[in-house]
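All of these numbers come straight from a predicted model, not from anything done at the bench. A, B, ... follow the sequence lines: proteins, then strands. Residue 1 opens every chain.
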Amino acid sequence: MSAVTYELIKQSNESKARLGILHTPHGPVETPVFMPVGTQATVKAMSPRELEEIGARIILGNTYHLYLRPGHELIREAGGLHSFMAWDGPILTDSGGFQVFSLGDLRKITEEGVEFRSHIDGSKHLFTPEKVMEIEMALGPDIAMAFDECVEYPTTYEYAKKSMERTSRWAERCLKAHTRKDQALFGIVQGSMYRDLREQSARDLVPMDFPGYAIGGLSVGEEKNLMYEVLDYTVPLLPDNKPRYLMGVGSPDCLIEGTLRGVDMFDCVLPTRIARNGTVFTKMGRLVIRNAKYKSDFSPLDPYCTCYTCQTFTRAYIRHLFNTDEILGLRLTTIHNLYYLINLMKDIRQAIREDALLEFRDEFYSNYQNDGL
RNA sequence: GGAGAGAUACCCGAGUUGGCCAAAGGGGGCAGACUGUAAAUCUGCUGGCAUUGCCUUCGAAGGUUCGAAUCCUUCUCUCUCCA
């Protein structure tokens, strides 16, 4: 029995969407779920208590970043990531595969692994599947991700194939090196935007019997419709009795579209990052709170929102906080954006329950204009 | 009262051997981007009008010159030091 299991509650009969429960060592998680990202053992600007109040159930940490600082040995010494950061809920750690992509010119990829130059001090580090498993077992999240390569887009068929096949071999090595029984290891399907490569990747990984499968290498600059198309043919390649996790996706429309295509888990830095940069999600679309038009607007960020920020503060005040570089401003927008997405997922689950997700999606689009209010 | 220094665009401030100056740089302002976080970050715009281009700008007025933020004269104001 794996440390993490997926319980299917309801399969929608109007789409591939499904309702489920992810059982983890730190409690159950209703799916589909949005997972806030806390790269360096903190969801930027939020305390664990605030995350709990917002309704976050499971959050992310990052292997590469925590290995560099403070070091996985220190976190092991602290009693693991949960204890170190005082978060009692489930945690998932990304493997550093995304950093292979985002730290592009600071690394070299070989069959053995990836040689990174630290973005902090330039020192050299070798990440192999075995090393990554050692780090993730020390960090101790409920779910560890296999070490993969997130390929940039666009990429040639030849490179996508070569990389995907290597990721499959790395998955095998991760599986072999992963020995911690109270922790689940998820595999990651790659293959860029090539259907036969996604199929091959799934054929490689599914027999390895990971307790969960992620779809990686998406939302790396491709058109949304292309991503949806890849999801259309990739999700059905994954086992029904395991959770499916779409990595790095988190705009409201993508969460709905992903859910409709059978995705159970999402994570994304988008809500927290744009919040710190002064943009918030609202029912009507994105809103840039720094804009002059909100100078004397004493209404809440989103009149339909019931988060702490919207129930307490005005646009004019939050704009003022941003314009004066006051730290409270980005904390309030972060609270709002996370609440917005977590609440959206709650609404999505309710819609699945009522077999009304398609209607929910149409209603969503009829309100959500990207140019805001 | 005497001696000296200076006034530059929203603010501060460079430029003062005359042309390459609509005028550096910073701040402020305005707008945009952000999707497994090298991000409280980054990018663009910030005299006017239209397409290159043209027009009005460097305290005020006048002058020298083909050409002035830069040189000359007068005036106005500010600051520092000495009485």
Side-chain angles (χ1 to χ4, degrees), chain A residues 34-46 58-66 68-69 91-107 116-122 132 141 143-151 153 167 186 188-190 213-224 227 245-255 257-258 263 265-281 286-295 318-319 321-334 337 341 370-372:
Chain A
F34 175 76
M35 309 181 285
V37 179
T39 305
Q40 314 205 67
T42 167
V43 174
K44 293 185 193 295
M46 292 294 98
I58 170 170
I59 63 174
L60 261 69
N62 182 275
T63 301
Y64 168 80
H65 289 279
L66 293 173
L68 287 181
R69 288 188 305 199
I91 299 177
L92 178 152
T93 50
D94 184 31
S95 60
F98 183 73
Q99 278 63 44
V100 178
F101 161 78
S102 66
L103 299 177
D105 36 345
L106 293 173
R107 51 58 167 169
F116 281 104
R117 281 219 107 95
S118 159
H119 67 280
I120 300 159
D121 62 7
V132 169
I143 300 169
M145 297 308 297
F147 188 49
D148 67 330
E149 179 190 354
C150 178
V151 179
Y153 173 83
T167 287
F186 280 18
I188 305 175
V189 172
Q190 289 290 348
Y213 287 91
I215 299 164
L218 288 181
S219 202
V220 285
E222 76 283 9
E223 291 282 297
K224 283 183 182 181
M227 176 173 91
Y245 162 29
L246 175 54
M247 306 186 81
V249 166
S251 67
D253 48 341
C254 291
L255 293 180
E257 298 294 345
V263 174
M265 304 161 68
F266 303 86
D267 81 282
C268 196
V269 305
L270 192 67
T272 46
R273 178 180 287 170
I274 67 174
R276 292 193 305 282
N277 295 331
T279 300
V280 294
F281 298 124
R286 286 198 199 184
L287 180 155
V288 181
I289 196 59
R290 299 184 321 262
N291 287 181
K293 57 184 163 182
Y294 305 120
K295 189 172 185 173
I318 295 166
R319 175 178 188 275
L321 294 178
F322 268 90
N323 280 267
T324 49
D325 277 319
E326 284 293 340
I327 198 163
L328 180 61
L330 59 90
R331 287 185 16 79
L332 294 178
T333 51
T334 300
N337 276 355
L341 289 191
N370 240 28
D371 48 7

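Here, B:U16 and B:C21 have their P atoms 13 Å apart, quoted to the whole Å. Only the P atoms considered, B:G44 is 11 Å distant from B:G26, to the nearest whole Å. Nucleotides B:A9 and B:C54 have their P atoms positioned 25 Å apart, rounded to a whole Å. B:G15 and B:A7 have their C1' atoms separated by 15 Å, with the value rounded to a whole Å. The separation of B:U65 from B:A83, taken at their P atoms, amounts to 46 Å, rounded to a whole angstrom. To the nearest whole angstrom, the two C1' atoms, one in B:U8 and one in B:G47, are 14 Å apart. B:U70 and B:G18 have their C1' atoms separated by 6 Å, given to the nearest Å. For the P atoms, the distance from B:A33 to B:U52 is 26 Å, rounded to whole Å.
Looking at heavy-atom distances under 4.0 Å, A:E223 makes no contact with the nucleic acid at all.
Going from atom CZ of A:F322 over to atom C1' of B:A40 covers 8 Å, rounded to whole Å. Here B:A38 presents its P atom at 6 Å from CZ of A:F98, a figure rounded to the nearest Å. Summarising the geometry, the separation between NE2 on A:H119 and C1' on B:U41 is reported as 14 Å, rounded to the nearest angstrom. One interatomic measurement links the two molecules: OH of A:Y64 to P of B:A38, which rounds to 8 Å at whole-angstrom precision. Counting to the nearest Å, the C1' atom of B:U35 and the CD1 atom of A:I274 are 9 Å from each other. Taking atom CG of residue A:L92 and atom C1' of nucleotide B:G36, one finds them 9 Å apart after rounding to whole Å. What separates CG of A:N337 from P of B:U37 is a distance of 17 Å, to the nearest Å. When the C1' atom of B:C34 is taken as reference, atom CG of A:L270 falls 7 Å away, rounded to whole Å.
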Review item, nucleotides 27-31 of chain B N/O atoms under 3.5 Å of protein N/O:
unit_1	atom_1	unit_2	atom_2	d
B:C30	OP1	A:R319	NH2	2.5
B:A31	OP1	A:A292	N	3.2
B:A31	OP2	A:A292	N	3.0

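Under the ring-ring contact (aromatic ring centres under 6.0 Å, His included) criterion, A:Y153 pairs with no residue, sequence neighbours left out. By the ring-ring contact (aromatic ring centres under 6.0 Å, His included) test, A:Y64 pairs with A:F116, A:H119, sequence neighbours left out. Every residue was checked against the ring-ring contact (aromatic ring centres under 6.0 Å, His included) condition with A:F34, not counting sequence neighbours, and none meets it. Under the side chain to side chain donor-acceptor pair (under 3.5 Å) criterion, A:N323 pairs with no residue at all, not counting sequence neighbours.
When the side-chain nitrogen and oxygen atoms of A:T39 are compared with OP1 and OP2 of B:U37, one or more of them lie within a distance under 4.0 Å. Between A:Q40 and B:U37, a side-chain N or O to OP1/OP2 separation shorter than 4.0 Å is absent. Here A:R273 does not reach the OP1 or OP2 of B:A33: none of its side-chain N or O atoms lies under 4.0 Å away. In this model, the phosphate group of B:U41 is not approached by any side-chain N or O of A:R276 to a distance below 4.0 Å at OP1 or OP2. Applying the 4.0 Å criterion to OP1 and OP2 of B:A38, one finds that A:S102 has a side-chain N or O inside that range. A:Q99 has a side-chain polar atom (N or O) that falls below the 4.0 Å cut-off from OP1 or OP2 of B:A38. A close approach under 4.0 Å does occur between a side-chain nitrogen or oxygen of A:N62 and OP1 or OP2 of B:U37.
Of all nucleotides listed (B:G36, B:U41, B:U35), B:U35 comes nearest to the side chain of A:S251. Checking B:U35, B:G32, B:G36 against every side-chain atom of A:C254, the shortest atom distance belongs to B:U35.
A 3.5 Å limit on both hydrogen-bonding distances identifies no Watson-Crick or G-U partner for B:A39.
Donor-acceptor pairing under 3.5 Å, judged by distance alone, is present between the side chain of A:D94 and the base of B:G36.
Glycosidic conformation of B:A38 is syn; the angle stays within 90° of 0.
Mapping A:V288 and A:I120 onto RNA chain B by nearest heavy atom places A:V288 at the nucleotide closer to the 5' end.
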Take A:D253 and A:S251, measure what side chain to side chain donor-acceptor pair (under 3.5 Å) needs, and give me the verdict at the end. CA-CA 6 Å; A:D253 48 341; A:S251 67; 2.6 Å; yes

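Applying side chain to side chain contact (heavy atoms under 4.5 Å, CB included) to A:M145 and the options A:T93, A:N62, A:L92 leaves one that passes, A:L92.
Counting only residues at least two apart or in different chains, salt bridge (charged side-chain N to carboxylate O under 4.0 Å, His left out) contacts with residues 322-331 of chain A comprise A:E50-A:R331.
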